[in-house]
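Please read the structure below before turning to the comments.
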Amino acid sequence: MDDEEKIARGVARGIARHESARAEAQGRQLLGCLLLLAVFLGGFILLVTYG
């Protein structure tokens, strides 16, 4: 295996790690937004029901 193949594999591995981390961060952000939405909707329902 020559150096060019090793470099290409290293770059591909780095890109894959970066994409994986980005997807994981997006998933956490989505869950956080859904939780915030649920809290606001719950508060709104309580406000309309008992307010």
Notebook entry, point to check: How would you list all residue pairs meeting side chain to side chain donor-acceptor pair (under 3.5 Å) that involve residues 34-51, not counting sequence neighbours?
Noted result: none

Listed pairs under 3.5 Å, donor-acceptor, residues 24-37 side chains, sequence neighbours left out:
unit_1, atom_1, unit_2, atom_2, d
Glu24, OE2, Arg28, NH1, 3.1

Next item on the list: Could you pull out all residues at least two apart from Val11 that satisfy side chain to side chain contact (heavy atoms under 4.5 Å, CB included)?
Entry: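 Val11 satisfies side chain to side chain contact (heavy atoms under 4.5 Å, CB included) with Ile7, Ile15 once adjacent residues are dropped.
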
Please give the remaining members of the hydrophobic cluster of [X], linking ILVMFWY side chains under 4.5 Å, ordered by chain and number.
{"X": "Val39", "result": "none"}
{"X": "Phe44", "result": "Val48"}
{"X": "Ile45", "result": "none"}

Item checked: Within residues 35-49 or reaching into it, pairs that qualify as salt bridge (Lys or Arg N to Asp or Glu O under 4.0 Å) - sequence neighbours excluded -> none

Next item on the list: Could you tell me which residues satisfy side-chain hydrogen bond (donor to acceptor under 3.5 Å, both in side chains) with Glu19, sequence neighbours excluded, listed by chain and number?
Entry: Arg22

